[in-house]
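Here is the structure we will look at.
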Amino acid sequence: MSETQEQKRWGHLRKVLERPGPFCHPEFEPSPEIMDFIVTSCKVLVVGAGGLGCELLKDLALMGFKQIHVIDMDTIDLSNLNRQFLFRQKDIGQSKAKVAAAFINKRVPGCQVTPHFCKIQDYDESFYRSFHIMVCGLDSIVARRWINGMILSLLSYEDGVLDNSTIIPLVDGGTEGFKGNARVIVPGNNACVECTLDLYPPQITYPLCTIANTPRLPEHCIEYVKVVLWPKENPFNAPLDGDDSQHIGWVYEKSLERASQFNIPGVTYRLVQGVVKHIIPAVASTNAVIAGVCATEVFKIATSCCLPLNNYMVFNDVDGIYTYTYAAERRDNCVVCSQVPQTLPIEDPSKVKLKDLIKILCEDEMFQMKNPGLTTVIDGKNKTLYISTIKSIEERTRDNLNKTLVELGLKDGMDIMVADATSPMTLVFTLKFATSDVEMK
Amino acid sequence: MSSPAPKSPEQSEKSKKYDRQLRLWGDHGQKFLENSKICLINATALGTEILKSLVLPGIGSFTIVDGEKVTDDDIGSNFFIESDSIGMSRAQVATQNLLELNPDVRGDYIDESVDHIMAHSQDFFDTFSVVIATCLPEKVLMPLSRHLWEKNVPLIVCRSVGFLGYIRIQVKEHTIIEAHPDNENHDLRLDNPWPALKEHLDKVDVTKLDNKERSHVPAVVILYYYLAQFKSKHGHLPKTRAEKEEVKKMITESPPPDEHGIKNLEENFKEAIRYINTCINPIKIPPNLQAILEDDSCINVNQNSSPFWVLCAALKEFVEKEGAPPLKGTLPDMAADTSSYITLQQLYQKQAQTQCEIIYRRALEIARNLGLSQETITESEAKLFCKHASELHVIRGSCIADEYQKTRVDLTSCLEDPDSLMFHYITLRGLERFISEFNSYPGQLDDHVEPDVLKLKGIIGKLLGEWGCSQIIRDERVHEVCRYGGAELHSVSAILGGCAAHEAIKLITLQYKPLNNTFIYDAITSTSASFTL
């Protein structure tokens, strides 16, 4: 593409970047250099190449961005095609990141989308540090928290003062059915994902006694087959795979059988799939809206042509079209972004067992961890308290779960190091015993 | 192992492809979508973004009307226009690239301007399910909106300029059976149980249950029991807060004390307390339903009436006789043993079925008396209709051409409200008038921004005068629109495209409540507003 054509192509964008306006960012100075920055040097990472990711790549490419990277570990499935518009029937089974990048690069000349077909955890801070802005289009809360933890870990403080050059803004979008949200996180400056963990609804779980003894809903029957019958009968000598139609077919039949025993109506194949795979309904339109909002924010941040969203927007078009924008507040003692040392208050260390501590980390609304691994230092020596993710260590440390903190040799003021899937960093918690056994003796 | 179950239609390739949306609007919604015909006027970036979110979920077909040739501006903003297509028909290029998205969808184009079609064959538009127009000049919008209003074809008009967006829906009458409200009210009828339910509930004396039975009795049974106690004492059901508190207290104090003398309230009893506030109010006819039952179309059904209104006429008779809408027939989940719960559930289902049968048969009778084909009213539609009777909605819109002559809204008071986004509407109307008068966008050329600000201010002032509005639009608002110079920012069009596409889906599937009738989006502040104009 010739240089003049390139200039002409961005005529729309140049109008808002090269002309002054009454509602621009106070520091905005219109100039052709801003467009140059977008086109040549601004490096943006798109996390996720699914429903939001496809839209984000298109939107960013047509807002002039060329140095775009996209990371996604998923492959394309038939059920993606109703909204993930960069994929076709022939692409099923291929890497989402690769197919999406290739499509954008072909359609938008000069755009250089670099795909990364891997997990976000496969890269360390040296990768993430290289971007000017990140934008997330994820359906996983754990992954979103991990990325949030990553950009916060990249901040550097000198004498308690944040070095602004280490800030990488994060724009985050999420959708479910006809609802969605978009937010701008300026790490260290406004609310981060962990500050507002209470915004995520807890996943629906059914008590085991209900599914085993008093089922009432079709979901109870399906959950019974999934949780009780599958491990017992192990029909395919494999863990239940929601993407395997034979597996789903088996669960469907057994759920139907169980439902008919109890006269429970409503077990359908679709419901079985939904329960087994925790399917979230999704449509093209909501993804288009939320990705559009996020891409607009990336553009604002990159160009300063307007003040960015402050800082959270919700969207719902079930009844008319509704949006609401507000400033989500930071949590003063946020585990990840507050710089406040974390303490774990313990009522009675001779009664609280390690498993109770883990339960707090998993269930407290402020922590919501998934599979925390705990270590500490006792008398200058590292001690692993419990790690569930590595089989050999799990077996070796399992007995600790039922020991009290006193029995484990833990004392008031000691630090517990916690590693969890929700964070790339190890978090440090200082134990604070209400009744210090040292003092009592 | 048992033999594999026969392949249900749920497992077809199509069901798999559309799985994530079928969970929202169902197979019946999808069917409406697959039978729909959409017309897009002008394949701008916004236009193709709208069509994209309609082609992907699988509309039947689309037709693009656009006489423009592809320019550099299209390449820089429209994803469905390729860079090597400059000078080609924009309608053709967009059609080809949109069709690639979904092999189930048919699409064609007419390489003519909408003015040309309006001048030669207006009735071209009459067979579409929805007509969507972007970037339409006022002089075409007026006759098109009149024409479609008369022909009863819904029209969606959209505009994306700079950081501003506008969506206007013109629909004469739109009826909704499934509104899918976020918070559904439970319909338990404990204030006035039908005989079978009464007989069932009267059998249980909650105070005589042993511990195991107590922990398994459904909340509905518990609540009914204590309501009956209250009623026998006071002669009526609890109405005031204090009376409800009394019932709460009765339930709270019901458990037998344990060995420490503590009364532990079981989960199902706690549930019963939660239901007090929401479920014991006498069943009322909600205002939306009342309006429908009093609507002319309901009272005066005739041979032109749609199945919806015939069903409404039958519903009206039912409500007048019973004093309540038909029972919804769904029982929320509650802690209980299986058989108590299922027995109750079946009672609710059966009663709902019986009532639906009455309404359905009466609707068929009305249809027959009017000389309407009875096949137009299906049993499945009647079932949905009865189940959602309390959530029925009708929207009666307004014609855009009428709005442009005299809006229904008091603009002065809107403009006085500092939080209202009404000023955007005024500026956009000014922008349209500017385009009609000068045949270009204000600020289209760099050295025209300042003089165009003055011109646009003049136009807006004149418009406000015509509307008898004493307010003014701040200069900076006018300046900002001129700064855009008609620029279409892709990400802003993407936002509006998604919104407009879903509104079209609502109009087609008859599910969810559409916008009534104007939406303004301000991408500078990421805020929006809706107005009924």
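Computed from a predicted model, the values in this text were never measured in an experiment. Note on naming: letters A, B, ... go to the chains in the order of the sequence lines (proteins, then strands), and numbering restarts at 1 for each one.
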If I measure from the heavy atoms of chain A, does [X] come under 4.5 Å with its side chain, its backbone, both, or neither?
X         : value
His393(B) : neither
Leu331(B) : neither
Asp446(B) : both
Ile342(B) : side chain
Leu98(B)  : neither
Ala336(B) : both
Asp73(B)  : both
Glu13(B)  : both
Tyr341(B) : side chain
Phe80(B)  : both
Val449(B) : side chain
Ser530(B) : side chain

Donor-acceptor pair, [X] side chain versus [Y] backbone, under 3.5 Å?
X         : Y         : answer
His12(A)  : Glu488(B) : yes
Lys506(B) : Gly320(A) : yes
Gln30(B)  : Trp25(B)  : no

I'd like to check the side chain to side chain contact (heavy atoms under 4.5 Å, CB included) partners of Ser53(B); sequence neighbours left out, ordered by chain and number.
Ala284(A), Ser285(A), Ala288(A), Ala501(B)
Parallel, tilted or perpendicular: ring planes of Phe79(B) versus Phe103(A), cut at 30 and 60 degrees:
parallel
Set of ring-ring contact (aromatic ring centres under 6.0 Å, His included) partners for Tyr441(B), sequence neighbours left out:
none
Does any heavy atom of chain B fall under 4.5 Å from the side chain of Gln89(A), the backbone, both, or neither of them?
side chain
Does the side chain to side chain donor-acceptor pair (under 3.5 Å) test come out yes or no for His490(B) and Asp59(A), once each step is laid out?
CA-CA 6 Å; His490(B) 181 82; Asp59(A) 294 348; 3.2 Å; yes
